[in-house]
**Student:** 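The structure that follows is given in the form of structure tokens.
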Amino acid sequence: MNTDASAENNNQKPDRRFPSNLILLAIGAILLISAIILYPAALRRMEEHPAPEPSTAELTPEADTVQISITETTAPVANITPISNPSSTPVVIEFPSQFGTLVLSIREGTDIHLFAYQPFLEKINEGTYSALPLTRITTGNHQDITPAISPDGTKIAFSSNREGSWDLYVLDLINGDTRKFTDTMAYDGNPTWSPDGQWLAYESYHINNLDIFIQDIDQTQGPIPLTNHPAADYAPNWSGQGRRISYISTRNGVQEVWYADLDSTESEKSVQVRNLPGLNAKHPTWTTDGRYLSWSIVTEEGSHTLVTWDSEQPELDPILAGTGDWPLWAGTGDVLYALIETPYDTYLTAYPGLEYDLQVMMPAVKLPGPVAGFSWAEGISLAPMDPAVQINPTPLWNPALLQDENSEIIKKDLFRLRDINAPYPHLNQDAVSSFTSLRQETRDISGWDFLSTLENVYLPLAESVDPGVNMNWLYTGRGLSVNDIPRLANWLIVVREDYGTQTFWRLYIRANVQNGSQGLPLNNYFWDFNARFSGSNSSYENGGSISKNIPDGYWIDFTELAATFGWERFPAQSHWQYSESAARYQYFAFKQGLSLRSALLELYSPQAIQPFTNSANP
């Protein structure tokens with residue numbers, strides 16, 4: 001904002017154009033009436049139904065080995081210290097706890113850090129709230145993922161690769177200390193607290209398989225295996241009553257929701273929840289009273305949907321609970337927070353509990369990056385953070401200034417890339433720095449140079465791609481098509497992602513070192529294009545099929561990494577089932593907000609690019 005201009009405007013005489021002021025007053029009245037209609041019902045419900053304290057229970061993971069006692073807990077007074085400049089003094093801010101506090105794991109460049117966020121934090125008018133900015137909790141050249149706030153709001157358990165391999169850590173929010181909770185070469189992640197805060201359940205990758213373990217917080221004994229199945233069991237979530245731990249399992253060949261009945265005397269404690277038909281069930285989460293369980297599915301129509309199951313009526317189908325990809329209950333059903341993932345961005349929204357229609361309580365908030373987990377607590381208190389936490393991250397590369405679409409097009413040069421094997425190893429000068437940084441980061445975290453050989457990185461106008469395949473950004477010097485040879489050698493897999501009628505793809509590359517120090521284990525089935533030639537009619541007509549097994553080992557999400565450096569993926573074209581190249585899973589572009597026409601005009605005349613801009617770019 002231009003403060004000088006604002007001050008000058010404030011010294012001017014009041015504007016006496018009454019009709020304009022009346023219009024503004026009318027708009028303000030409409031907004032105020034809308035706020036009064038939408039929020040009071042949810043607000044009253046939260047004030048009338050405070051979160052109950054967990055009841056005493058006995059948990060026996062193995063009847064003949066160990067007995068776990070669940071005791072009552074209380075929540076602290078909610079206050080939080082927002083980020084300030086390193087030279088300033090932290091200020092504690094009080095906020096209403098009925099909406100709670102979220103801790104999110106959000107990507108910042110090549111790192112992933114924990115942030116606190118308070119939806120509806122500041123009361124503006126009766127029945128309306130606003131939110132403070134995100135408050136960074138952790139920092140450093142590493143990745144902190146899958147946070148879980150303890151029931152009393154004093155600790156955060158999370159997974160991190162800060163010492164090389166993926167282990168669990170526990171951050172004490174009172175004194176700011178962080179201690180290492182597990183110490184193995186295997187991946188340990190997705191922690192979840194018992195209601196009394198004395199135990200953690202988590203997923204761990206052993207012998208090429210994900211299983212769930214339980215460990216007491218004082219670590220008086222070794223971890224207890226909760227599941228032991230050849231299929232993947234992961235994403236545990238402990239119910240508020242302490243007697244059930246839900247998770248995702250692939251033991252039926254698809255991702256479904258199960259739970260472990262800790263009161264069962266059987267050695268196999270797994271119980272399948274009544275699932276709705278759909279693909280890729282994810283992120284089961286309980287209400288704090290342990291009655292309702294919600295998760296997300298992708299329907300056959302490509303809808304990303306939240307569903308809720310009532311454990312007191314287990315024979316009934318789950319009901320629809322809203323749109324989203326990652327649910328998170330606040331309290332006993334007062335607010336259902338949800339992450340909505342689009343092909344390019346992630347949003348946070350909220351629905352007003354179980355007794356309302358599928359209305360939106362909080363307009364979708366665009367988050368600054370992909371999310372690797374989030375957790376809710378009634379209230380937390382943050383100790384003053386290290387000054388390093390307050391430092392903003394350094395840019396990944398030096399981006400060129402974006403030009404206005406209406407301004408004169410500035411001609412650009414093509415630069416030859418060093419040590420790149422491609423038919424025409426050239427890029428637009430504005431894309432060179434980003435590509436070089438992406439290549440180096442991919443090599444550093446995967447252990448091999450995935451981008452050293454490319455199918456295409458630039459095409460002269462005289463060259464052409466496969467007939468009927470639109471890859472016109474290759475002509476701009478801002479596109480690239482990765483080589484498919486790693487996929488044929490099982491060093492690259494492609495995961496299908498449907499969003500409505502559009503199909504996108506996510507690329508994972510295999511880590512060179514498979515000891516847990518590079519990449520993460522997968523819990524997704526990949527898309528097998530080669531199944532088109534298996535002799536199955538359905539696989540041929542569908543352009544392939546979903547794999548029968550989840551790939552072993554550790555993998556790097558190349559699509560997310562490329563997006564971090566500004567390289568966007570593309571949806572498949574409508575005829576991709578009949579033409580593999582039309583799937584365009586290999587195709588990325590460094591757009592910088594430009595249209596295809598503007599990007600082409602940086603290199604060519606309007607007459608030369610006419611054949612490429614007559615039709616819309618899908």
Side-chain angles (χ1 to χ4, degrees), residues 107-110 342-345 368-370 393-405 407 409-445 449-461 463 465 469-483 504-507 509 556-572 584-604 609 612-613 617-618:
R107 177 175 284 276
E108 280 193 302
T110 57
T342 71
Y344 305 107
D345 298 301
T394 19
L396 298 176
W397 75 96
N398 296 318
L401 294 176
L402 294 179
Q403 61 191 44
D404 192 309
E405 286 288 328
S407 65
I409 301 297
I410 301 175
K411 294 298 182 182
K412 305 291 183 180
D413 293 325
L414 287 175
F415 279 69
R416 182 180 179 87
L417 300 173
R418 296 176 54 190
D419 305 324
I420 291 292
N421 185 9
Y424 300 94
H426 297 79
L427 275 179
N428 183 301
Q429 66 186 63
D430 288 350
V432 171
S433 178
S434 173
F435 173 81
T436 303
S437 300
L438 171 61
R439 181 187 177 190
Q440 182 63 50
E441 182 65 21
T442 304
R443 181 165 46 195
D444 289 345
I445 66 175
D449 198 353
F450 172 60
L451 295 177
S452 63
T453 301
L454 298 170
E455 185 173 295
N456 276 307
V457 65
Y458 162 73
L459 284 178
L461 294 182
E463 296 286 335
V465 293
V469 177
N470 188 326
M471 293 188 179
N472 288 344
W473 277 90
L474 294 174
Y475 297 105
T476 68
R478 292 173 171 270
L480 66 87
S481 180
V482 302
N483 199 297
F504 285 80
W505 310 96
R506 186 168 297 276
L507 272 57
I509 60 175
I556 288 90
D557 186 341
F558 176 77
T559 298
E560 182 174 308
L561 189 64
T564 300
F565 287 85
W567 293 85
E568 297 181 18
R569 59 177 171 171
F570 288 84
R584 305 197 298 181
Y585 57 85
Q586 304 159 265
Y587 179 38
F588 297 83
F590 185 71
K591 294 183 178 180
Q592 288 191 300
L594 295 175
S595 67
L596 175 63
R597 184 177 187 277
S598 295
L600 286 167
L601 287 174
E602 290 182 335
L603 302 179
Y604 303 105
I609 68 170
F612 302 94
T613 56
N617 183 37

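Everything numeric in this text was worked out from a predicted model, so none of it was measured.
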**Student:** Sort out for me which residue in Leu480, Thr436, Leu417 forms a side chain to side chain contact (heavy atoms under 4.5 Å, CB included) with Leu427.
**Tutor:**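 So the option named by the test is Leu417.
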**Student:** Under the side chain to side chain donor-acceptor pair (under 3.5 Å) rule, collect the residues that match up with Glu455, sequence neighbours excluded.
**Tutor:**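 Testing Glu455 for side chain to side chain donor-acceptor pair (under 3.5 Å), a comparison that skips the adjacent residues, returns Gln586.
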**Student:** Return yes if some donor-acceptor pair links the side-chain N/O of Ser481 with the main-chain N/O of Tyr587 below 3.5 Å, else return no.
**Tutor:** no
**Student:** Hey, is the main chain of Tyr604 close enough, under 3.5 Å, to the side chain of Lys411 for a donor-acceptor pair?
**Tutor:**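 Such a contact is found between Lys411 side chain and Tyr604 backbone.
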**Student:** Looking only at heavy atoms, what is the nearest atom pair of Leu603 and Gly477, with distance?
**Tutor:** CD1-N, 4.2 Å
**Student:** Is Tyr458 close to Asn428 at the side-chain level, that is, under 4.5 Å between some pair of heavy atoms?
**Tutor:** no
**Student:** What I'd like to find out is whether the side chain of Phe435 reaches to under 4.5 Å of the side chain of Ile420, using heavy atoms alone.
**Tutor:** yes
**Student:** Given Phe588, which of Trp473, Phe558, Trp505 fulfils the ring pair (Phe, Tyr, Trp, His ring centres under 6.0 Å) condition?
**Tutor:**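 When ring pair (Phe, Tyr, Trp, His ring centres under 6.0 Å) is applied between Phe588 and each of Trp473, Phe558, Trp505, only Phe558 qualifies.
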**Student:** Return the minimal non-hydrogen interatomic distance between Glu602 and Leu594, and the atom names on each side.
**Tutor:**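 In terms of heavy atoms, the two residues are closest at OE2-CD1, 3.6 Å.
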**Student:** Residues two or more places apart in sequence or in another chain: which of them pass salt bridge (charged side-chain N to carboxylate O under 4.0 Å, His left out) with Glu441?
**Tutor:** none
**Student:** Got a sec, which residues hit salt bridge (charged side-chain N to carboxylate O under 4.0 Å, His left out) with Glu560, two or more places apart in sequence or on another chain?
**Tutor:** Arg107
**Student:** Does Tyr475 reach the main-chain N or O of Glu463 with its side chain, forming a donor-acceptor pair under 3.5 Å?
**Tutor:**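 Looks like yes, one N/O pair under 3.5 Å.
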**Student:** Considering all heavy atoms of both residues, which atom of Lys591 and which atom of Arg478 are nearest to each other, and what is their separation?
**Tutor:**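 What the structure gives for the nearest pair is O-NH1, 4.0 Å.
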